[in-house]
There are 2 protein chains.
Amino acid sequence: MPEYSGAGDPKHTLELLWGVRERPRRGPRPKLTVERLVTAAIAAADADGLNALSMRRIADDLGVSPMSIYTYVPGKAELIDVMVDRVLGELTPADGVPGGWRARLEHIARDNWALFHRHPWLLHVAIVRPPMGPNVLAKYEFELRAVDGIGLTDLEMDAVVALVIGFAESSARVSVNAAEAERRSGISDEAWWAATAPVLEKLIDGAAYPLGERVGTAAGQEYNAAVAPARAFEFGLGRILDGIEVLIASR
Amino acid sequence: MPEYSGAGDPKHTLELLWGVRERPRRGPRPKLTVERLVTAAIAAADADGLNALSMRRIADDLGVSPMSIYTYVPGKAELIDVMVDRVLGELTPADGVPGGWRARLEHIARDNWALFHRHPWLLHVAIVRPPMGPNVLAKYEFELRAVDGIGLTDLEMDAVVALVIGFAESSARVSVNAAEAERRSGISDEAWWAATAPVLEKLIDGAAYPLGERVGTAAGQEYNAAVAPARAFEFGLGRILDGIEVLIASR
DNA sequence: CCCCAACTCTGTACGCCATACGGTGTAATA
DNA sequence: TATTACACCGTATGGCGTACAGAGTTGGGG
């Protein structure tokens with residue numbers, strides 16, 4: 001069960017994202033700021049994953065009581081929205097990248113791939129109704145700039161960008177999930193397979209899956225688990241950009 | 001926070017997947033079977049999502065106490081493994097599809113897309129260390145068969161299949177997340193945007209995001225939320241298959 | 001200058017969750 | 001018939017988000 005973005009009151013969330021809350025005129029000085037809250041939450045999520053990100057945990061890290069967090073943020077959903085916009089600010093435009101649209105899209109894909117590895121919890125937030133903060137808007141803008149003026153229609157520009165971003169997310173997910181499974185179980189992929197394979201062999205008919213056995217073992221030997229996702233990313237990115245090139249060339 | 005496949009004891013999980021538990025020789029007749037349990041769990045997850053899939057809920061549906069479920073299954077993780085293998089059995093081989101490798105890969109992509117929409121919870125299970133049941137193995141086998149004998153190396157066959165499957169998952173995720181957000185919030189995408197847009201306009205500089213505004217509104221008008229994910233799927237699939245065609249043609 | 005409104009912070013409590021543990025009753029075997 | 005293996009269940013533990021009510025603090029209005 002993922003967390004969902006865009007689950008809170010739109011108006012309140014937007015005010016948080018853009019930091020337009022007016023300072024309170026009366027009452028005690030606040031101990032915290034939304035900024036500090038979000039920073040602590042991101043640090044916790046980076047370190048221990050989205051499962052470990054609880055309001056109690058953040059409060060402990062900040063030395064306040066759990067409920068006082070609700071002074072700054074209406075709920076966990078809105079907090080996550082702000083976290084998402086914040087880390088998306090780490091992405092960089094492809095404007096200066098030499099090599100044309102292909103190099104620019106490659107930059108965007110690699111940049112996203114790296115971001116998902118720096119903040120793996122991002123993959124476990126279902127980003128629908130994206131938090132329309134400054135960084136989300138800037139991201140969309142410079143993504144489109146990467147494919148502007150190369151003969152695509154507006155709709156195609158949007159579709160091409162979505163395809164590349166979606167691919168980066170999808171392949172990063174494989175990689176991140178594998179790393180998280182290893183960390184959480186304490187069992188490496190190799191050890192898991194070593195425990196699984198002999199039991200499996202006793203269960204299946206030897207000749208039932210000829211292709212799967214041949215290709216599976218070939219892939220397993222050539223790419224050990226540590227680099228396999230990275231290779232899949234490189235391969236897929238190449239094919240997708242080739243496909244986009246076909247489209248552009250047809251114009 | 002997703003659920004994870006492959007989180008249980010490999011040996012026990014495999015025995016469940018292949019149904020090789022020997023019948024108990026003594027003791028009371030079991031009220032349930034693993035089959036019935038899995039069927040009920042899938043029905044609950046289909047109807048109300050993975051969040052609503054609790055051991056208590058399944059037990060209620062089946063008329064037993066929560067703890068008795070642990071007689072059949074070591075824990076929730078293993079139950080989900082069996083659920084996954086079960087529903088993957090709904091996928092069909094592309095063997096008889098006319099039109100060569102391209103049509104076969106299209107069939108596989110569409111078949112997966114449809115499966116994810118029939119069982120949206122599948123997207124919220126992080127499938128690492130896949131449950132090596134009969135259906136998972138069969139799936140991999142017939143996926144490879146779709147690209148066998150067209151001039152690709154074993155490693156390329158594996159990579160091409162992974163690319164297409166990953167794309168289908170990725171684009172289905174967008175679609176499913178949108179539908180789930182709508183259902184869980186009771187607010188349609190249009191209504192959400194109608195609440196968001198005016199607040200947003202007051203916050204941002206009018207000329208700050210020229211491309212985003214132009215392309216975003218164009219995409220929003222052309223594809224309403226209901227069909228946008230399906231269009232993105234068709235567009236992306238076309239580009240990816242084009243890219244694969246470039247590879248195959250280079251042989 | 002004082003009082004009160006506005007505000008921050010906190011303790012407690014509720015209803016969820018998975019599941020560990022120990023006990024109870026049943027059915028087939030020795 | 002006695003034993004043993006087993007299914008089933010009640011209770012309890014420690015987690016979660018957050019509703020609610022109260023306590024304490026500050027600045028502005030009279």
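We name chains A, B, ... by the order of the sequence lines, and we start the count at 1 in each one.
Close to C/dC7, at under 4.0 Å from its OP1 or OP2, lies no side-chain N or O of A/Arg29. For the OP1/OP2 pair of D/dA7 and a distance below 4.0 Å, the side-chain nitrogens and oxygens of B/Thr71 include no atom meeting the criterion. The phosphate of D/dA7 (OP1 or OP2) has no side-chain N or O of B/Ser68 nearer than 4.0 angstrom.
Under 3.5 Å, the side chain of B/Arg26 and the base of D/dT4 form at least one donor-acceptor pair of N or O atoms. At a cut-off of 3.5 angstrom, the base of D/dG17 holds at least one donor-acceptor pair with the side chain of A/Arg56.
One finds the CD1 atom of A/Ile58 at 11.0 Å from the CG atom of A/Leu32 (value rounded to the nearest 0.5 Å). Taken to the nearest 0.5 Å, the CG atom of A/Asp158 stands 6.5 Å off from the CG atom of A/Leu144.
Counting to the nearest Å, the C1' atom of D/dT11 and the OH atom of B/Tyr70 are 15 Å from each other. One can place CD1 of A/Ile69 at 14 Å from P of C/dT8, the figure rounded to the nearest angstrom. Summarising the geometry, the separation between CG on B/Leu37 and C1' on D/dA7 is reported as 14 Å, rounded to the nearest angstrom. Distance CG (A/Leu53) to C1' (D/dG17): 12 Å, rounded to an integer number of Å. Residue A/Leu62 contributes atom CG, which lies 14 Å from atom C1' of C/dC9 at whole-angstrom precision. Rounded to an integer number of Å, the gap from CG of A/Leu32 to C1' of C/dC7 is 15 Å. In this structure, the CG atom of A/Asn51 is 20 Å from the P atom of D/dG14, given to the nearest Å. Atoms CG (A/Asp60) and P (D/dG17) sit 12 Å apart, rounded to a whole Å.
If you check D/dG17, D/dG24, C/dT26 against the side chain of A/Lys76, the one that comes closest is D/dG17.
When side chains are defined from C-beta on, A/Val87 counts as touching A/Trp121, because their heavy atoms get closer than 4.5 Å.
Closest-nucleotide positions on DNA chain C for B/Arg57 and A/Lys31 were compared, and the one nearer the 5' end corresponds to A/Lys31. Mapping B/Gly27 and A/Tyr72 onto DNA chain C via the closest heavy atom, the residue that lands nearer the 5' end is A/Tyr72.
Nucleic acid contact for A/Met67: base, since at least one base atom lies under 4.0 Å from a heavy atom of the residue. Residue B/Ser54 is classed as a sugar-phosphate contact, given heavy-atom separations below 4.0 Å to backbone atoms only. Within 4.0 Å of A/Ile58, counting heavy atoms only, lies no atom of the nucleic acid at all.
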Intermediate values then yes/no, salt bridge (Lys or Arg N to Asp or Glu O under 4.0 Å), A/Asp61 and A/Arg57: CA-CA 6 Å; A/Asp61 289 355; A/Arg57 156 71 183 272; 3.0 Å; yes

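Other residues, nucleotides and ligands contribute at most 12 non-hydrogen atoms within 6.0 Å of the CD atom of A/Glu213.
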